[in-house]
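Everything below concerns the one structure shown next.
All chains are named by letter (A, B, ...) in the order of the sequence lines, taking the proteins before the strands, and each is independently numbered beginning at 1. Because the structure is predicted, anything quoted here is derived from the model rather than measured.
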Protein chains: 2
Amino acid sequence: MKLITRDTDYALRAICKIAKEKGKVLSVKELTGLTKVPGPYLRKILQRLNKAGVLISHKGTGGGFKLARGKVNTRLFDLIVIFQGHFKLNECFFKKEKCPDTGTCPLKKRIDKIEKNVIKELKEITIASLLR
Amino acid sequence: MKLITRDTDYALRAICKIAKEKGKVLSVKELTGLTKVPGPYLRKILQRLNKAGVLISHKGTGGGFKLARGKVNTRLFDLIVIFQGHFKLNECFFKKEKCPDTGTCPLKKRIDKIEKNVIKELKEITIASLLR
DNA sequence: AACAAATGATACTATTATGGTATCATTAAC
DNA sequence: GTTAATGATACCATAATAGTATCATTTGTT
Ligand code: FES
Ligand code: FES
């Protein structure tokens, strides 16, 4: 039902805070203060964003995370993919046992259409556009 | 992430089968055969549909469920509401602890817009339109 | 060189949501 | 009165989510 999970939401918040401090490296501790997200949990999220190339991490004293070059243009859609895997609104519940109606299923077609629209809109929401 | 839960999906399938047998009363046993949904689970679902007025149940020997008058026009949106509660794509994850940014949150506005579109489309998908 | 402050990696735990089952009561046909 | 169905509800099992803990690694500071 919900488009955005907690991970994605927290990630988005953290990225926005980081993006506002253009170029500055923020530690998990600082970000916990800013976002109210539990420290270790936030850390895990930031690590994933680092792996995904959205953030760049710096270890050691004074370390933390900053936004990678050009990544203010990261789209909400990208974050969803990072944290929630492939984007699919219409997983057929027969998929495991081989759906008897694949191809003919009229519902699938309708949901697919909705999905396309949603994806398009999620791609228009960028970090940059949220900062304004 | 997924728009439709298992309940809703199963409900939809069952209703479609019932709608095809115009007026005929189908028992859970018969519907289990037609839909491959586990009996007792399907039963619970059908009971909810009965309470919601989409189906009409008949107890006793030869009993079962049939479609209520005019309910071929039930919309997918209605089913989602019945099984998944109010439709909200954008639950703020701070809702419990009182969101600090309500009102100003730019994300909320964007998701609300998406939500409106999705709802509109879900209201266009009726049982009748799926039978064709 | 030693220490401290940070992240990397990963394993663990707790909580909640989901999917499904079981049981007993009630109703209606024969 | 017996049987075949649903009504209502409580229960259980599994999986997903949210969050914690720990140890290793890197880096700045003294
Ligand atoms: S029933 Fe499998 S795709 Fe619709
Ligand atoms: S942060 Fe609460 S509505 Fe967006």
Quiz item: Roughly how many Å is it from CZ in A/Arg43 to C1' in D/dT25, rounded to a whole number?
Solution: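 Between C1' of D/dT25 and CZ of A/Arg43: 11 Å.
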Practice problem: Rounded to the nearest angstrom, tell me the gap between atom CD1 in B/Ile45 and atom P in D/dT6. | Solution: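 The distance from CD1 of B/Ile45 to P of D/dT6 comes to 14 Å, rounded to the nearest Å.
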What pairs with [X] under side-chain contact (heavy atoms from CB on, under 4.5 Å), at least two apart in sequence or on another chain?
| X | answer |
| --- | --- |
| A/Val81 | A/Phe77 |
| A/Lys2 | B/Phe93 |
| B/Thr61 | none |

Salt bridge (Lys or Arg N to Asp or Glu O under 4.0 Å) partners for [X], two or more places apart:
| X | value |
| --- | --- |
| A/Lys113 | B/Glu121 |
| B/Glu124 | none |
| A/Glu115 | A/Lys88 |

Self-check item: Contact pattern, 5' to 3', of nucleotides 10-18 of chain D - B, S or - by protein heavy atom under 4.0 Å
Solution: --------S
Practice problem: Provide the full list of ring pair (Phe, Tyr, Trp, His ring centres under 6.0 Å) pairs with a residue in residues 14-58 of chain A, sequence neighbours left out, each pair given once. | Solution: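 Non-adjacent pairs meeting ring pair (Phe, Tyr, Trp, His ring centres under 6.0 Å): A/Tyr10-A/Tyr41.
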Let me have the donor-acceptor pairs involving side chains of residues 64-75 of chain B, under 3.5 Å, with sequence neighbours excluded, atom names and distances please.
{"unit_1": "B/Thr74", "atom_1": "OG1", "unit_2": "B/Lys71", "atom_2": "O", "d": "2.7"}
{"unit_1": "B/Arg75", "atom_1": "NE", "unit_2": "B/Asp78", "atom_2": "OD1", "d": "3.4"}
{"unit_1": "B/Arg75", "atom_1": "NE", "unit_2": "B/Asp78", "atom_2": "OD2", "d": "3.2"}
{"unit_1": "B/Arg75", "atom_1": "NH2", "unit_2": "B/Asp78", "atom_2": "OD1", "d": "2.9"}

Quiz prompt | Interface residues of residues 48-65 of chain B with DNA chain C (non-hydrogen, below 4.0 angstrom) | solution =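 Those residues whose heavy atoms fall under 4.0 Å from DNA chain C, taken from residues 48-65 of chain B in numerical order, are B/Lys59, B/Gly60, B/Thr61.
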Practice problem: Using a heavy-atom cut-off of under 4.0 Å over every strand shown, decide if A/Pro40 touches base, sugar-phosphate, or nothing. | Solution: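 It contacts base atoms.
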If you look only at distance, which donor and acceptor atoms sit under 3.5 Å apart when one is on a side chain in residues 46-54 of chain A and the other is two or more places apart or in another chain?
{"unit_1": "A/Arg48", "atom_1": "NH2", "unit_2": "A/Ile82", "atom_2": "O", "d": "3.1"}
{"unit_1": "A/Asn50", "atom_1": "OD1", "unit_2": "A/Ser57", "atom_2": "N", "d": "3.4"}
{"unit_1": "A/Asn50", "atom_1": "ND2", "unit_2": "A/Ser57", "atom_2": "OG", "d": "3.4"}

Quiz item: chain B on DNA chain C: first and last contacting nucleotide, 5' to 3', under 4.0 Å to a heavy atom?
Solution: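 The protein-touched segment is C/dG19 to C/dA29.
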Quiz item: Are any of the side-chain heavy atoms of A/Ile4 and A/Leu12 separated by less than 4.5 Å?
Solution: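 A side-chain contact under 4.5 Å is absent here.
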